[in-house]
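Taking it in order: structure first as structure tokens, then the write-up.
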Number of protein chains: 2
Amino acid sequence: MTNIKDVAARAGVSVTTVSRVLNQHPYVSEQKRKAVLRAIDDLDYYPNINAVHLSIGKTHLMGVVLPYTDHPYFGLLLKGIAKKALEHNYKLVLFQTDYQKRVELEALQMLKTKQIDSLIICSRGCKWSIIEEHLQYGPIVVAEKREDQPVSATYVDHYASFTAALDYLYEKGHRKIGYTISRVTGTSSRDRDQAYKDFIKRHGLVYRADYIIDKCLYFEDGKKVIEHLQSISEPPTALLATSDQVAAGVMLCCHQMHIKVPEELAIIGFDNQPIAKMMNITTMEIPLEHMGEHLFEQALGGGVNSKEVTVSLIERGTV
Amino acid sequence: MTNIKDVAARAGVSVTTVSRVLNQHPYVSEQKRKAVLRAIDDLDYYPNINAVHLSIGKTHLMGVVLPYTDHPYFGLLLKGIAKKALEHNYKLVLFQTDYQKRVELEALQMLKTKQIDSLIICSRGCKWSIIEEHLQYGPIVVAEKREDQPVSATYVDHYASFTAALDYLYEKGHRKIGYTISRVTGTSSRDRDQAYKDFIKRHGLVYRADYIIDKCLYFEDGKKVIEHLQSISEPPTALLATSDQVAAGVMLCCHQMHIKVPEELAIIGFDNQPIAKMMNITTMEIPLEHMGEHLFEQALGGGVNSKEVTVSLIERGTV
DNA sequence: TTGTACGCGTTATCAT
DNA sequence: ATGATAACGCGTACAA
């Protein structure tokens, strides 16, 4: 590998001058600049980025922690992040965790060892205290609500948006409302659960554990949902789906089983993805791509600030 | 940042000994090892990975070039790659190109400047000669068929699988067959187009440009497809969809428009994704996740070898 | 405007 | 078994 020294020798100048040319610094005569450029060309020289990183202490690499990449929710978040990364000439290091803490810790470790400049955590698995410990090594931003914490965050208020959806269904006359979640653990599921319990309490309804369906993430989980609902007594008249994907899957199954939507089952999705528009699904719009962009900019900026994104109801044909 | 020198001083040994302890080399007395470990603990020392990379000339970073992350096709490919990366303790640097050559060139550049050890190109946009030029800097593997080239590849024979699907439809009595593609450029679209033309010729059918529908990638593109088919004279009786996503979208539209599948329109998808199983869609199975795994291992291995993955017809209810 | 020399943090070589 | 030191390739005070 030819290095800066070789170039300097060939051009008959010092390495400093070569470095100056490389980094477009001022104070280098046109004559020497030409000589350097020619030498670079002759020797097919290109800098070793690791040496640059070691020297300046930055990598232009940003870490992104998320559980899956093959799910539209994180896919859209990632799309927003990637868009901004492209703009700012940053590269992304992907940590697909499958909810394994180990992978998340490795990301934190890479921040500590300066292999990445900053870290975006889209879905946290490890304890909060571990995040805090690593804040000293570089900017960390999360996609969850953390009040009074020295961490930047862009998040959806799942409690509020879930409550809004429940209230909307209540207004429409529904009293038996079920919902699906992706997994029992996780902050968003917990928030939704709390919102549901408070809603039940506020309206004096009965809490039924069998109205809650776990592990619903994908389109194809719709089948499971319908099968479950048909297996219980007094099935709900309305369903809050984890996402538009799940809502769409449920709708398709309703078609197949000749269950009328919304007459026999009302459905609300989340995200407002294209599929919801196409299938005319009422949904709570979450600007995922925009969230991703904002997460990136927070990570880049380094300062600490929190942003709650607005979720709005899109009324369509499934309620 | 405390460094190896500080540790050495604190432990009363040389940096070499510290390095030996760090890298579990032999020839270090138990006594000194203990001292070093204590010093590491006392000082909260952790190595600067960039320095390690500079020294050993490797980064344990693998680049992945793909157009989108929010599409199930690439999502699954990426999933396979990520799985193997996890196993081998590699990290992935993602290059989401949106089919911009610039981003692809940056990936190649990062290989050249040793910021990544190797590169997986899932969808190529730049000229082949550019790829060849960069082979000297590290392993590059591609997801397309390249015969007699010094590059590793894992790919689907799109020509063969498309031909197989066409023949299957022909056997079933179809003579007017349309198909959708994601974009006019791109190797897979070209292969499919060629297969179609050859098929037409072999059976003495007429080639109709309006049987080919461009820019179909997502579920929601199904609507566009149906609208197009209804706008032309003598619409096809069978359709080869870009992917199961598109096939599913088309099917849903057929439901909505009361078009009977397969009686009025037969449909074949590609990939055999979960959605195809759920909707009982006949499809050509492509083992995407497995392809991703194989791509990673080729990139890791460094040798040159080609693998054509087998595509098989899954007969279900849409033909 | 240019160059020398050192620092970044680690590994590898070669003595001892 | 251990350590001094060169090497990795680059950026940048500081001196000239």
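Side chains included, hydrogens not; waters and symmetry mates left out as well; all remaining heavy atoms used. Numbers restart at 1 for each chain; the letters A, B, ... are given by sequence-line order, proteins then strands. Just so you know, these numbers come straight off a predicted model, no measurement behind them.
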Could you give the side-chain donor-acceptor pairs of residues 77-84 of chain A under 3.5 Å, partners two or more places apart or in another chain?
residue, atom, partner, partner atom, Å
A/K83, NZ, A/E293, OE2, 3.4
A/K84, NZ, A/E87, OE1, 3.2
A/K84, NZ, A/E297, OE2, 3.2

Extract all donor-acceptor atom pairs below 3.5 Å that involve side chains of residues 21-32 of chain A and protein atoms in other chains or at least two apart in sequence.
residue, atom, partner, partner atom, Å
A/N23, ND2, A/S19, O, 2.8
A/N23, ND2, A/S19, OG, 3.4
A/S29, OG, A/K32, N, 3.3

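Taking atom CD1 of residue B/I4 and atom P of nucleotide C/dA12, one finds them 11 Å apart after rounding to whole Å. Atoms CD1 (B/I40) and P (C/dG9) sit 16 Å apart, rounded to a whole Å. Atoms NE2 (A/H25) and C1' (C/dG3) sit 15 Å apart, rounded to a whole Å. In this structure, the NZ atom of B/K5 is 15 Å from the P atom of C/dT11, given to the nearest Å. The CD-C1' distance, from B/Q115 to D/dC10, rounds to 14 Å in whole Å. With rounding to whole Å, B/N3 atom CG is found 12 Å from C/dT11 atom P. When the C1' atom of C/dG9 is taken as reference, atom NZ of A/K114 falls 12 Å away, rounded to whole Å.
Residues satisfying the side-chain contact (heavy atoms from CB on, under 4.5 Å) criterion with B/S152, sequence neighbours excluded, are B/V141, B/Q298, B/V304, B/N305. B/K112 is linked by a salt bridge (charged side-chain N to carboxylate O under 4.0 Å, His left out) to A/D44, counting only residues two or more places apart in sequence or in another chain. Legend: residues meeting salt bridge (charged side-chain N to carboxylate O under 4.0 Å, His left out) with B/E132, ordered by chain and number and at least two apart, are absent. The salt bridge (charged side-chain N to carboxylate O under 4.0 Å, His left out) test applied to B/R102 returns B/E106, not counting sequence neighbours. Applying the side chain to side chain donor-acceptor pair (under 3.5 Å) rule to A/S306 yields no partners; only residues at least two apart in sequence or on another chain are considered. Partners of A/R124 under the salt bridge (charged side-chain N to carboxylate O under 4.0 Å, His left out) rule, at least two apart in sequence or in another chain, are A/E144.
Ring-centre distance between B/Y99 and B/Y68: below the 6.0 Å cut-off.
Heavy atoms of B/K32 sit under 4.0 angstrom from primed sugar atoms or phosphate atoms, though from no base atom. Using a 4.0 Å heavy-atom criterion, one finds that A/S19 contacts the bases of the nucleic acid, with or without backbone contacts as well.
For residues 7-27 of chain B, the set of pairs meeting the salt bridge (charged side-chain N to carboxylate O under 4.0 Å, His left out) definition, not counting sequence neighbours, comprises B/R10-B/D42.
Side-chain atoms of B/R20 come within donor-acceptor range of the base of D/dG3, with a qualifying N/O pair under 3.5 Å.
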Atom pairs, N/O to N/O, protein against nucleotides 4-6 of chain C, distance under 3.5 Å?
residue, atom, partner, partner atom, Å
C/dT4, O4, A/T16, OG1, 2.6

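Inter-axis angle, ends of the helix from C/dT1-D/dA16 to C/dT16-D/dA1, five pairs per end, rounded to 10 degrees: 40°.
Contacts between residues 45-58 of chain A and DNA chain C, defined by a heavy-atom separation below 4.0 Å, involve A/L54, A/S55, listed by number.
Side-chain contact of B/H294 with B/T154: a donor-acceptor pair under 3.5 Å is present, judged by distance alone.
In terms of phosphate contacts, B/N23 brings a side-chain nitrogen or oxygen within less than 4.0 Å of OP1 or OP2 of C/dT11.
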